[in-house]
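One structure is given here, and the rest of the page talks about it.
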Amino acid sequence: MGPYDRCQRAKERLMITTTITSSLREALEDLGITPQSDAINLEQPANKEHGDWSSNIAMVTAKNAGRAPRELATEIANKINADLPDGVENVTVAGPGFINFTLAPLWLHNVLLEILNQGVEQFGRTDLGEGKKVNVEFVSANPTGPLHAGHARGACYGDAVANILGAVGFNVEREFYVNDRGIQVSLFADSLLARQSGDQVPENGYGGEYVEQWAQKMPHGLSQEEALSWGCEYAKEDQRQTLESIGIVFDTWFSERSMVDSDAIENTIADLGEAKATYEKDGASWLQSSQYGDDKDRVLIKSDGEFTYLTPDIAYHRDKFNRSDSLINVWGADHHGYVARMKAAMEALGHDPDELTVAITQLVKLVRGGEEVRLSKRHGEIIELREIIEEIGPDATRFMYLLQSVDTKQTFDLDLAASKVMENPVFYVQMAHARLRSIQSKAETLQMWPFPIEHSDLSLLVHQREMDLLRTLFNFTDVVQLSERELAPHKIATWLRELATSVHGFYHDCYVVGDGVSQELTSARLQLVESARIGLVSGLDLLGVEAPNSM
RNA sequence: GCCCCCGUAGCUCAGCUGGAUAGAGCAACGGACUUCUAAUCCGUAGGUCGCAGGUUCGACUCCUGCCGGGGGCGCCA
């Protein structure tokens with residue numbers, strides 16, 4: 001156990017805030033005030049002039065204590081200033097009553113040590129999920145054609161969410177639900193067969209160009225059932241390959257049809273009946289979803305004896321619940337109305353509806369040549385996901401889709417994304433990494449790197465750029481947790497852009513290897529370079545984006 | 001009519017469990033390379049945070065009601 005043991009570092013990190021918090025608590029007690037809540041809030045001020053850490057405790061407790069906030073803050077600050085804790089340089093009062101703490105740069109140097117010690121395998125990762133099993137279902141496109149642009153956002157989002165959940169300690173399963181049963185795949189099979197014999201596709205059939213191409217590859221003389229199997233398998237494989245080309249690999253491809261053989265659907269209907277959650281009306285079988293928070297009741301079995309779309313899906317979600325502690329579904333905005341009924345069904349079956357989270361992704365508006373690209377399946381005017389990936393590359397595809405909150409509808413300019421110009425943020429971030437690697441390889445050539453951290457004097461790192469870099473890096477763990485809590489990978493993307501900005505600034509102002517830089521400073525900066533590199537790799541990794549060594 | 005998302009700089013968007021003077025990128029203008037990638041950096045300009053109330057010491061953030069845009073409300077999938 002050396003001086004740079006990871007656990008010790010983690011404690012030291014906590015020590016900073018713990019020390020400040022307890023000094024605040026002591027001061028309050030001295031003044032005879034008990035804080036309303038037991039938690040004393042600390043935050044990092046946006047403005048650096050306000051110190052490294054700030055507390056609003058005086059403003060929060062002032063009213064209850066019958067004191068003026070600013071006056072109370074001053075008394076607290078005076079008490080702490082009279083006996084400064086280790087690592088705190090001074091305490092001041094500002095604004096309406098903030099108590100601001102300025103720390104010795106040491107605390108940021110400890111951050112650096114912590115990052116180097118953790119490396120890309122550990123940095124930002126925690127075990128908050130306690131290994132609980134989470135199933136993330138996303139994409140789940142119908143096996144009736146290639147993936148198109150409309151699937152892309154959910155695909156990139158779902159995979160990034162799964163990465164983030166894994167990073168905070170959940171046991172994640174990525175799952176794709178294949179709707180290989182029902183009217184759509186029947187029509188698809190009919191369309192393939194029709195095209196193969198040179199006939200028109202049937203009413204409501206699939207008229208895309210790909211149907212023609214696929215039909216030619218299909219073996220002749222297949223029955224409708226065989227054509228269906230062949231078509232679904234072909235489509236699934238096509239989709240799988242496209243997803244794999246942007247690094248998305250599913251653990252499970254769950255076949256809807258498999259539930260017919262296993263009687264899972266029938267059993268589910270029976271169990272809903274036993275739970276007294278169904279009834280017959282007008283020759284149909286209904287789910288009493290309105291008893292469980294839905295707007296109205298929903299049909300499970302139509303009067304013609306067919307299941308509705310909902311019914312196998314209920315059986316499917318139940319199956320997932322039996323395999324996982326909690327479920328996350330990624331659905332498009334057009335399926336929003338579906339959430340309440342699915343939760344209702346799960347509750348009726350005795351599952352906790354709160355363990356099912358449905359993330360809704362808003363639509364993406366594709367723009368090309370300054371005009372919106374209309375997607376029309378009927379006319380076969382679809383933009384395949386494959387085309388987008390080929391145009392702009394896997395990294396740009398993923399990064400662009402993950403740049404924004406899925407709560408907002410996104411405008412995706414294909415021309416801009418396709419053109420390999422500086423506007424593309426992924427280049428900015430990847431370039432930051434390439435530059436750091438460039439510094440390292442130069443140092444490697446000169447046999448100056450790797451260099452043992454024990455022999456580096458980190459106290460030489462005092463430049464504003466260096467401090468900025470470390471401050472940004474420090475936030476990563478919190479950003480990861482926040483993005484997990486809100487299922488918001490775009491927060492990682494935002495943080496990466498911030499970090500890249502810090503890196504470029506540092507690169508510009510702080511020369512690392514060369515004449516005019518002392519060997520001591522070089523070695524200290526090389527440690528910083530490595531910590532920043534770990535940050536970039538860690539963040540990009542969560543988004544599934546490569547960190548190239550050169551560009 | 002009901003439900004969900006959005007409305008922040010000219011454009012595309014950030015803004016954490018409410019905090020201090022609302023931030024980036026692009027576009028515009030002006031600067032910076034004898035050294036590790038100028039795909040970079042620095043500066044200037046640009047805002048009634050859709051509107052109106054409410055809660056609070058404090059609201060872009062929370063609550064209510066409007067306005068505007070998108071999506072959804074099937075015995076379709």
Side-chain angles (χ1 to χ4, degrees), chain A residues 39 41 43-47 49-50 54 56 58-60 62-63 68-70 94-98 100 142 179 182-185 187 204 281-286 295-296 298-304 306-310 313 332-340 360-363 365 403-413 416 420-425 427-428 430-432 434-443 445-446 465 475 478-479 481-483 485-486 488 490-491 493-495 497-498 501 503-517 525 529 550-551:
Chain A
N41 190 30
E43 62 182 27
Q44 294 184 81
N47 188 337
E49 288 169 23
H50 296 140
S54 179
N56 62 0
M59 292 178 289
V60 175
K63 192 174 191 179
R70 178 115 195 165
F98 288 101
N100 296 332
N142 284 341
N179 296 97
I183 188 75
Q184 289 305 317
V185 285
L187 284 166
N204 298 322
K281 195 182 91 178
D282 302 333
S285 185
W286 296 70
D295 290 347
K296 52 184 89 163
R298 309 288 171 177
V299 173
L300 292 173
I301 305 174
K302 299 188 274 183
S303 52
D304 67 3
E306 290 288 325
F307 300 133
T308 60
Y309 177 73
L310 175 66
D313 221 8
D334 54 341
H335 281 69
H336 159 259
Y338 205 66
V339 176
I360 300 293
T361 64
Q362 297 298 316
L363 298 176
K365 185 171 82 174
L403 227 40
Q404 282 147 33
S405 160
V406 289
D407 285 342
T408 81
K409 54 180 191 286
Q410 186 177 29
T411 304
F412 199 118
D413 190 327
L416 184 74
K420 288 178 176 145
V421 292
M422 52 195 131
E423 279 85 353
N424 197 335
F427 290 140
Y428 184 81
Q430 290 186 318
M431 187 61 192
R435 284 183 145 179
L436 296 179
R437 278 298 302 143
S438 171
I439 293 171
Q440 289 184 332
S441 72
K442 183 177 178 186
T445 307
L446 297 170
R465 296 292 202 181
N475 293 332
D478 292 335
V479 169
Q481 285 168 32
L482 199 60
S483 68
R485 199 167 68 216
E486 299 181 12
H490 79 276
K491 287 178 189 294
T494 302
W495 177 83
R497 297 172 79 176
E498 255 173 59
T501 299
V503 167
H504 287 303
F506 165 77
Y507 182 90
H508 191 268
D509 289 353
C510 301
Y511 210 70
V512 179
V513 184
D515 300 338
V517 186
R525 283 184 171 166
V529 164
S550 65
M551 297 193 71

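Chain letters run A, B, ... following the sequence lines, proteins first, then strands; residues in each count from 1.
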Stacking check: are the rings of A/F98 and B/rA20 less than 5.5 Å apart at their centres and under 30 degrees in tilt? yes
For a quick check, tell me whether the side chain of A/N56 and the base of B/rG19 share a donor-acceptor pair closer than 3.5 Å. yes
Just by distance, no angles: are the side chains of A/H508 and A/R465 close enough, under 3.5 Å, to form a donor-acceptor pair? no
Could I get the full list of ring pair (Phe, Tyr, Trp, His ring centres under 6.0 Å) partners for A/F307, not counting sequence neighbours? none
Could you check if a side-chain atom of A/V512 sits within less than 4.5 angstrom of a side-chain atom of A/V529, using non-hydrogen atoms only? yes
Does OP1 or OP2 of B/rG74 have a side-chain N or O of A/K296 closer than 4.0 Å? yes
Give each protein N/O atom lying under 3.5 Å from an N/O atom of nucleotides 31-35 of chain B, with the pair distance.
{"unit_1": "B/rU35", "atom_1": "O2'", "unit_2": "A/Y511", "atom_2": "OH", "d": "2.5"}

Say you pick atom P in B/rG50 and the same atom in B/rU8; how far apart are they, in whole Å? 6 Å
Pairwise C1' distance, B/rG47 and B/rC13 [rounded to whole Å]: 15 Å
If the C1' atom of B/rA59 is compared with that of B/rC73, how far apart are they to the nearest Å? 33 Å
Going by modelled atom types, is there a donor-acceptor pair between the base of B/rC75 and the side chain of A/S303 at under 3.5 Å? yes
Check whether any side-chain nitrogen or oxygen of A/R435 sits under 4.0 Å from OP1 or OP2 of B/rA38, and answer yes or no. yes
Would you say B/rG70 has OP1 or OP2 under 4.0 Å from some side-chain N or O of A/K409? no
When you compare B/rC63 with B/rU56, how far apart are their C1' atoms, in angstrom units rounded to a whole number? 12 Å
Provide the distance between the two P atoms, one in B/rU55 and one in B/rC60, to the nearest whole Å. 16 Å
Which residue lies more 5' along RNA chain B, comparing A/N179 with A/E486 via nearest heavy atoms: A/E486
Report yes if some heavy atom in the side chain of A/I183 is under 4.5 Å from a heavy atom in the side chain of A/N204; otherwise report no. no
Which base, if any, makes a Watson-Crick or G-U wobble pair with B/rC57, both distances under 3.5 Å? B/rG19
Can you tell me how far C1' in B/rA28 sits from the matching atom in B/rG46, rounded to whole Å? 10 Å
Considering just the side-chain nitrogens and oxygens of A/R465, establish if one lies under 4.0 Å of OP1 or OP2 belonging to B/rC42. yes
Which nucleotide, if any, forms a Watson-Crick or G-U wobble pair with B/rA24, using both distances under 3.5 Å? B/rU12
When the P atoms of B/rC42 and B/rG23 are compared, how many Å lie between them, rounded to an integer? 16 Å
Phosphate oxygens OP1/OP2 of B/rC6: is one of them under 4.0 Å from a side-chain N or O of A/Q362? no
Is the ring centre of A/H50 under 5.5 Å from the base ring centre of B/rA20, and are the two planes under 30° apart, so that they stack? yes
Rounding to an integer number of angstrom, what distance separates B/rC11 and B/rU35 when you compare their C1' atoms? 38 Å
Please determine if a side-chain N or O atom of A/T501 lies less than 4.0 Å away from the OP1 or OP2 oxygen of B/rA24. no
Ignoring the backbone of A/R497, work out which of B/rG25, B/rG15, B/rG74 is nearest its side chain. B/rG25
